[in-house]
Asks: 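Would you mind keeping the following structure in view while I ask a few things?
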Amino acid sequence: MDITREQIDELNAVVKVAISKDDYSDKVDTVLNDYRKKANIPGFRKGHVPMGLVKKQYGKAVLVDEVNKLLQDALDKYLTEEKIDVLGNPLPKAQDNFDWDAENFSFEFELGLAPEFEVNLKGKKAITSYKIVADDKMLDEQVDRIRNQYGKLISKDTIEEGDEITGTFTSEEKEIDNKATFSLDKIKGKRNLGKFTGAKTGDVLELKTKSLFQDDHDLMNFLKVEHDEVHDLDISVNFTIEEINKREPAELNQELFDKLFPEGTVTTEDELKAKIKEDAEKQFEQQADQKLLNDVTEYLVESTTFDLPAEFLKKWIRQTGENPISEEQASEEYEKSEKGLRYQLIEGKIIRDNELQVTFDELKDFAKDFIKIQMAQFGQTNPSDEELDGIAARILSNQDEVKRLSEQLMSKKLLSLYKEKANLKTKEVSYEDFVKEVYQ
């Protein structure tokens, strides 16, 4: 067997594989002999079928199968040994007048080659790394929310500011018949508030859905309408008042603190706020890290320039899809996937250049930390090592889970690398300002 490579340009090459009869004949004969031993052909005892008849019946199919196996193995081995980094898979070139009756065969494959490039993590323009803090306003709101959540409900007959109302929304037009509970502060506008204020249990209010709530999305929960209807919904509904309650906030005392946290760990309002701040900022850190990871990814894709074997990749998309597609559709698919492919190549180079890797022990510890978080959500705050090891072993026996956790752990390692080596500037913001700046 002889394999040669013809370099077309930096991003494209053709590999030629020449296979002679000596390369495949022994394998073909072995398979045919096995067929001969097992073949059941009328007129012949099992194992005594003439080889000529076996070759006539099965020879061509066995030849094609064995040559293709030999070809694939040789190609894979060649690409590995020569350290050729290809994109997609080698594409066989069509050959006119190919003859399977010949003794020697020649095959050609087109290769799309990965480009060579350098990655500069430290760009001229600094990337913002957000530090989100829980400010006094948020802490006060959280304390108020906790006090209301654990407070007492006092039944009333007449609606006043701050009350909670339970009733049923109905509309024959939209077939709405849904019970809902909400606080009066969710209602938008003086006109709507005026309809509620002073109303009594048993009253039926006629309301317009447009601009009824401060947040239009509340219509999804309270009226059970679809998301795509929410913003344009402008119909009349009736609301029958069934309950009116005033919520009396809970006292900030030891009884409340012990409901929220392990007994005795929080004893004052200041300690409560400190605990809320600590827990909130841990969650904020995850959002800030995800934002940073996204921003560094965008920077790397935009600042790291290299060419791709575009025509080869479009052809590869056409030939390897589940269903046949046109050249135009292949071009569209390529345009959609190009940015992702670029980042895969960039990320791969960063991982290689910085020798980042995920070991099994790291993966096991990462899985156990993940399990602890999940168990804590169900009140199991102190699982044993034996219990964690057992659950981790079950998770890591699933290859899909291993892949998912490995990707998450590698993202964590990349984030640490970016924090260390990228050109970053830290910006401290409240969560409210972070949302305004980043998402709006």
Side-chain angles (χ1 to χ4, degrees), residues 1-32 55-117 305-346 348-349 352:
M1 184 184 301
D2 184 37
I3 302 180
T4 57
R5 180 169 88 242
E6 177 187 349
Q7 197 75 24
I8 306 302
D9 55 39
E10 290 184 354
L11 298 173
N12 295 274
V14 172
V15 167
K16 298 179 180 181
V17 184
I19 295 179
S20 68
K21 184 177 181 179
D22 291 340
D23 296 320
Y24 63 80
S25 59
D26 287 347
K27 292 182 179 180
V28 170
D29 289 344
T30 298
V31 174
L32 289 175
K55 285 185 177 180
K56 183 178 180 181
Q57 189 163 349
Y58 302 109
K60 181 66 68 67
V62 171
L63 170 68
V64 172
D65 189 43
E66 291 303 316
V67 168
N68 277 323
K69 286 180 185 177
L70 186 66
L71 182 61
Q72 190 61 55
D73 290 345
L75 192 57
D76 290 343
K77 184 179 179 182
Y78 174 78
L79 295 177
T80 301
E81 290 179 348
E82 295 295 316
K83 298 180 180 178
I84 301 173
D85 194 2
V86 298
L87 301 180
N89 295 314
L91 292 179
K93 292 185 71 174
Q95 298 182 59
D96 295 333
N97 303 319
F98 187 86
D99 185 10
W100 280 107
D101 291 324
E103 292 188 345
N104 301 320
F105 308 106
S106 179
F107 302 90
E108 295 184 2
F109 293 86
E110 296 178 63
L111 304 182
L113 308 179
E116 294 185 5
F117 57 90
T305 57
F306 52 81
D307 292 327
L308 291 169
E311 293 309 312
F312 169 85
L313 289 170
K314 291 174 187 176
K315 185 187 291 187
W316 178 73
I317 289 170
R318 281 195 71 191
Q319 294 187 17
T320 58
E322 290 184 9
N323 300 308
I325 60 173
S326 66
E327 290 186 12
E328 183 179 353
Q329 289 172 316
S331 294
E332 290 175 0
E333 287 297 317
Y334 173 74
E335 294 298 329
K336 290 177 186 176
S337 61
E338 182 185 4
K339 190 174 182 179
L341 174 58
R342 286 182 178 278
Y343 183 66
Q344 284 180 6
L345 292 170
I346 293 167
K349 182 164 179 60
R352 290 191 300 274

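Everything numeric here is computed off the predicted structure, so don't read it as measured data.
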Asks: Is the shortest distance from a Lys or Arg side-chain nitrogen in D65 or K69 to a carboxylate oxygen in the other one below 4.0 Å?
Replies: yes

Asks: Counting neighbours of CD on E10 that are heavy atoms of other residues, nucleotides or ligands and sit closer than 6.0 Å, is the number greater than 12?
Replies: no

Asks: Minimum heavy-atom separation for F312 to L87, with atom names?
Replies: CE2-O, 3.2 Å

Asks: Could you state the interatomic distance from NZ (K16) to CG (D2), rounded to the nearest 0.5 Å?
Replies: 11.0 Å

Asks: As an exercise, state the distance from CG of L32 to CD of Q57, rounded to the nearest 0.5 Å.
Replies: 11.0 Å

Asks: One pair to check against side-chain contact (heavy atoms from CB on, under 4.5 Å): E103 and Y24. What are the steps and the verdict?
Replies: CA-CA 10 Å; E103 292 188 345; Y24 63 80; 4.3 Å; yes

Asks: Given 3.5 Å as the limit, does a donor-acceptor pair link the side chain of N104 with the main chain of K21, or not?
Replies: yes

Asks: Take R342 and E338, measure what salt bridge (charged side-chain N to carboxylate O under 4.0 Å, His left out) needs, and give me the verdict at the end.
Replies: CA-CA 6 Å; R342 286 182 178 278; E338 182 185 4; 3.0 Å; yes

Asks: Kindly indicate whether the side chain of L71, heavy atoms from C-beta on, has any atom under 4.5 Å from the side chain of F109.
Replies: yes

Asks: Nearest heavy-atom pair of A18 and D23: which atoms, and what distance?
Replies: O-OD2, 4.2 Å

Asks: Can a donor-acceptor pair be found, under 3.5 Å and without considering hydrogens, that links the side chain of Q95 to the backbone of S106?
Replies: yes

Asks: Rounded to the nearest 0.5 Å, how far apart are CD of E116 and CG of D85?
Replies: 9.5 Å

Asks: Measure across P115 and F306 and return the closest heavy-atom pair with its distance rounded to 0.1 Å.
Replies: CG-CD1, 3.4 Å

Asks: Taking all non-hydrogen atoms of both residues into account, name the closest pair between V28 and L63 and its distance.
Replies: CG2-CA, 4.1 Å

Asks: Please determine whether the number of non-hydrogen atoms from other residues, nucleotides or ligands lying under 6.0 Å from atom CG of D9 exceeds 12.
Replies: yes

Asks: Using 30° and 60° as the class boundaries, would you call the ring planes of F107 and W100 parallel, tilted or perpendicular?
Replies: tilted

Asks: Any heavy-atom pair between the side chains of V15 and P90 that's under 4.5 Å?
Replies: no

Asks: Between E327 and R318, does any side-chain N to carboxylate O distance fall below 4.0 Å?
Replies: yes

Asks: Could you tell me whether D101 and K60 have a side-chain N and a carboxylate O separated by less than 4.0 Å?
Replies: yes

Asks: Quick one, I8 and E110 - any side-chain contact, counting heavy atoms below 4.5 Å?
Replies: no

Asks: To the nearest 0.5 Å, what is the distance between CG on L111 and CH2 on W316?
Replies: 13.5 Å

Asks: In Å and rounded to the nearest 0.5 Å, what is the CG to CD distance from N89 to Q319?
Replies: 11.0 Å

Asks: Should the pair K315-E311 be classified as a salt bridge under the 4.0 Å nitrogen-to-oxygen rule?
Replies: no

Asks: Could you tell me whether E328 atom CD has more than 12 heavy atoms of other residues or ligands within 6.0 Å of it?
Replies: no

Asks: Considering non-hydrogen atoms only, spot the tightest contact between T305 and F117 and give its length.
Replies: O-CB, 4.5 Å

Asks: Considering only heavy atoms from C-beta outward, does the side chain of Y334 approach that of L308 to under 4.5 Å?
Replies: yes

Asks: Compare every heavy atom of P309 with every heavy atom of N12, then report the nearest pair and how far apart it is.
Replies: OD1-CB, 3.9 Å

Asks: Do E332 and I325 come within less than 4.5 Å of each other through their side chains, counting heavy atoms only?
Replies: no

Asks: If you measure only the distance, is there a donor-acceptor pair under 3.5 Å linking the side chains of Q72 and N68?
Replies: no

Asks: Run K77 and D73 through side-chain contact (heavy atoms from CB on, under 4.5 Å) and show every step you take.
Replies: CA-CA 6 Å; K77 184 179 179 182; D73 290 345; over 6 Å; no

Asks: Mind checking the OG-CD1 spacing from S337 to I317? Nearest 0.5 Å is all I need.
Replies: 4.5 Å

